[in-house]
There are 4 protein chains.
Amino acid sequence: MEVPPRRPGRPRDEGAAQAILTATMELMAEVGFAGVTVDAVAQRAGVGKATIYRRWQSKERLVLDAISASTEPAPVPDTGSVAGDLREIYGRMAESLSQPESRSLLMAMVAQATVDDLVRDLLAALVSQRKEVSQAVLRRGIAEGALPADADLDLLIDLLGGAVVYRTCIAGHPVDPKTVDRIVATVLAGAAGR
Amino acid sequence: MEVPPRRPGRPRDEGAAQAILTATMELMAEVGFAGVTVDAVAQRAGVGKATIYRRWQSKERLVLDAISASTEPAPVPDTGSVAGDLREIYGRMAESLSQPESRSLLMAMVAQATVDDLVRDLLAALVSQRKEVSQAVLRRGIAEGALPADADLDLLIDLLGGAVVYRTCIAGHPVDPKTVDRIVATVLAGAAGR
Amino acid sequence: MEVPPRRPGRPRDEGAAQAILTATMELMAEVGFAGVTVDAVAQRAGVGKATIYRRWQSKERLVLDAISASTEPAPVPDTGSVAGDLREIYGRMAESLSQPESRSLLMAMVAQATVDDLVRDLLAALVSQRKEVSQAVLRRGIAEGALPADADLDLLIDLLGGAVVYRTCIAGHPVDPKTVDRIVATVLAGAAGR
Amino acid sequence: MEVPPRRPGRPRDEGAAQAILTATMELMAEVGFAGVTVDAVAQRAGVGKATIYRRWQSKERLVLDAISASTEPAPVPDTGSVAGDLREIYGRMAESLSQPESRSLLMAMVAQATVDDLVRDLLAALVSQRKEVSQAVLRRGIAEGALPADADLDLLIDLLGGAVVYRTCIAGHPVDPKTVDRIVATVLAGAAGR
DNA sequence: TACTAAACGAGACGGTACGTCTTGTCTTGAC
DNA sequence: GTCAAGACAAGACGTACCGTCTCGTTTAGTA
């Protein structure tokens, strides 16, 4: 029998939280990650600063929360083949990272994750969704005989995601569909051939 | 006939530049990337702020310069086999990224690179050194017949580096020598099998 | 046929009003006039802020009300002589103002009175009590022939009260009984000799 | 040989201090004592907030300093008689206190003086100027035989100043020249008659 | 030996954002 | 309709940092 933990006093306005997150994302798009200001967020959301700080410890937390709140989960693909499904998943990932804003957001989060454990958890949660989808696809591949039964799924996923991230964000080259093809093909070959 | 571009006036104190870079790296280790303050750097280096800004346009540039100045080039390995050489290169990389500070630095640079082109160039330069070494190793592998002649070396390098970075920084798992083994083996198998 | 003006709803808790006034005076003594906070008063009185604002328009009004509520009227002296009675009245006044808190309160009220007419009225009410007592004493002096019939009583009272206030609060010197003596003697001489 | 204790670093801009004080007084006149804002002062003075806080500990100190800086010393009167001189001095004082702003300022200072010793000192300094002038006048009166040699000058001054302050600020009545006449006459009579 | 020009340590400057605090109002469910 | 609790909009507070600017001093090369 779940007891609703009703606290006394006026309850927090959920609309305010939503307005704050929306205003944050808008500002992020307009002036960039570093240009976001708590005062500006408050003004645009029509909210006092205290209302923001009552919910988030700092500007960073707010921004990160806004990001995760505005990230919708990726769909599970079904193209009929393991390679096709993976191309779908990581092609979408590459496309997303081709936008400077998405790239900037991901990288800022990764940077902050090295310092802030909560950010790390948030990042892990964001990533794990893709991971699970990929795992499902790869397991299907094992079931279909396209991959050996003892394939190290986590390793394959890190190779796929890593190649896209590394090429896009660190090497600084775009990842077009053709490149995704080659990445997927090479990784699947590596999984099979070992 | 090289004309020494000797300007009039007191020459810049090279010791100051060194002290500034050292102080910057020390502070970076102590308080992290975002916690570094120009005033603190100046004080620790026993230097006026103007002396810093005379040499670097901004705090970011200073920090990046300090990083690149304190990064020594990796040696070219020669273990007798392609797999062994790659294990050497990327084992070293994994080891470096296992330290939170190195991880934090790399990620902060990547984050900034999405905004600042010069940072992107610096990052590319830091990365390209490992890339060249890896290319040399892989070409040797082609020559020895361990790899097909038409192997896409850049792709293989992105797979190797990406797997290490992704697992360490994004997935948040450590990469031990055994994992490096598996990464290298899978990538080489993928290169051979396609 | 008195109709009891019983309003609907829960009646106001008179204990709350008293608790608020008490808490206000306590805080005033602890952190001074400017340091008093509505939230602190509410917390100490165990009362919601709305309960305060339902009774007083603003923090200032509350504080002033608390002051006037805690000020008991001075007794009318009767020592047998005009000078003795005046020494009694203004000796008491000097004693009160020798306490920093009383001084602070009076001065804060005076300062606020220049801005807020209601404060001015309250202050006037507080002062007028002493004024009336003094007038009675001085009139008795006229009746006894100790003072000329055309003495300007208001002027004499302002001289007496002013000397005490000025010396205590502005000049910053204490006013001991001996000084009160001299003040009273000089003013009475002035009244007689003119 | 006085050695100027020149500190290293850029010296403080005296013009800035002056601009800050001027802006403070202007704002005080426009929006009143409580309405003065540090940001507004900074903006009007064309100055950063840090420049203000480098010189004054708090808003209160700034305001008080601005007041004392904008208070010019009163001239020494010479009308030929003690009574005339005193009428001059305290008529001027009454005139000043007839302005609500001056009254408010003085009272605010007095209120703060009960808490802050530095304000007390400042207030004492402001008051002592008039005191010295009054003393000179009264001593001249003794020399001329208009006052007894053993007159308590400090007491007389407190009576004079006190009457003006009390009537103006506490009783809340204006003090016109005629009233000043009566105050002076009564005090002088008191001094003579005792 | 002077003079000139630039770099130096120190620190003040204008500006801007931060996170905290307070005020007076509003909104819950309980009484 | 009041109560305690506490969220709300507004906005001032005092701090921190950035990148620039002045000081008076120091260090070189030039006259």
Side-chain angles (χ1 to χ4, degrees), chain A residues 6-13 15-16 34-40 42-43 45-60, chain B residues 6-13 15-16 34-40 42-43 45-60, chain C residues 7-13 15-16 34-40 42-43 45-60, chain D residues 6-13 15-17 34-43 45-59:
Chain A
R6 189 69 177 76
R7 288 186 305 161
R10 175 174 174 174
R12 293 195 179 169
D13 180 354
V36 174
T37 282
V38 176
D39 288 77
Q43 185 159 18
V47 139
K49 284 208 296 179
T51 300
I52 296 178
Y53 282 106
R54 210 174 281 121
R55 291 168 167 76
W56 291 277
Q57 293 180 13
S58 67
K59 191 184 77 160
E60 279 72 29
Chain B
R6 189 68 176 81
R7 290 185 301 165
R10 173 173 173 176
R12 293 195 180 169
D13 179 355
V36 173
T37 283
V38 176
D39 289 75
Q43 184 160 18
V47 141
K49 285 208 296 179
T51 302
I52 295 177
Y53 282 104
R54 211 173 281 122
R55 291 167 167 77
W56 292 277
Q57 292 180 17
S58 67
K59 190 184 78 161
E60 279 73 29
Chain C
R7 290 184 299 165
R10 172 170 172 178
R12 291 195 180 171
D13 179 356
V36 174
T37 282
V38 177
D39 289 76
Q43 184 160 18
V47 139
K49 284 206 300 177
T51 301
I52 295 177
Y53 281 106
R54 211 173 280 123
R55 290 167 167 77
W56 290 277
Q57 293 180 15
S58 68
K59 190 183 78 161
E60 279 73 29
Chain D
R6 189 71 175 74
R7 288 188 304 163
R10 176 172 173 174
R12 295 195 178 168
D13 180 354
V36 173
T37 282
V38 177
D39 288 77
V41 170
Q43 184 159 18
V47 140
K49 283 210 296 179
T51 302
I52 295 178
Y53 282 106
R54 210 173 283 122
R55 291 168 167 76
W56 291 279
Q57 292 180 14
S58 67
K59 192 184 76 159

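Numbered from 1 within each chain, the chains take letters A, B, ... in sequence-line order. All heavy atoms count here, side chains included; hydrogens, waters and symmetry mates do not.
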Quick one: does D/K49's side chain have a donor or acceptor within less than 3.5 Å of a partner on D/Q43's backbone? no

Could you tell me the separation between the OG1 atom of D/T37 and the NZ atom of D/K59, rounded to the nearest 0.5 Å? 6.0 Å

Counting only side-chain N and O atoms of A/R55, is one of them less than 4.0 Å from OP1 or OP2 of F/dC8? yes

Taking every non-hydrogen atom, the tightest pair across B/G48 and B/A42: C-CB, 4.3 Å

Polar-atom pairs under 3.5 Å, protein N or O versus N or O of nucleotides 10-14 of chain F: list them with distances, or write none.
unit_1, atom_1, unit_2, atom_2, d
F/dC13, OP2, D/V38, N, 2.7
F/dG14, OP2, D/Y53, OH, 2.4
F/dG14, O5', D/Y53, OH, 3.4
F/dG14, N7, D/K49, NZ, 2.7
F/dG14, O6, D/K49, NZ, 2.9

Taking only side-chain nitrogens and oxygens of B/T51, does any of them come within less than 4.0 Å of OP1 or OP2 of E/dA7? no

Taking CG from B/D13 and C1' from F/dT26, how many angstroms apart are they, rounded to a whole number? 11 Å

Expressed as a whole number of angstroms, how long is the span from B/I52:CD1 to E/dA7:P? 15 Å

For A/R54 and C/A45, take the nucleotide of DNA chain F holding the closest heavy atom to each; which residue's nucleotide lies nearer the 5' end? C/A45

Any donor-acceptor pair under 3.5 Å linking the side chain of A/R55 with the backbone of A/R12? no

Report the distance from atom CD of B/Q43 to atom P of E/dA12, rounded to the nearest whole Å. 13 Å

Would you say B/R12 places a side-chain N or O within less than 4.0 Å of OP1 or OP2 belonging to E/dA7? yes

Looking only at heavy atoms, which two atoms of B/V47 and B/I52 are closest? And how far apart? CG1-CG1, 4.0 Å

Quick note, A/R10 side chain, CB onward, closest among E/dA10, F/dC8, E/dC8 is F/dC8

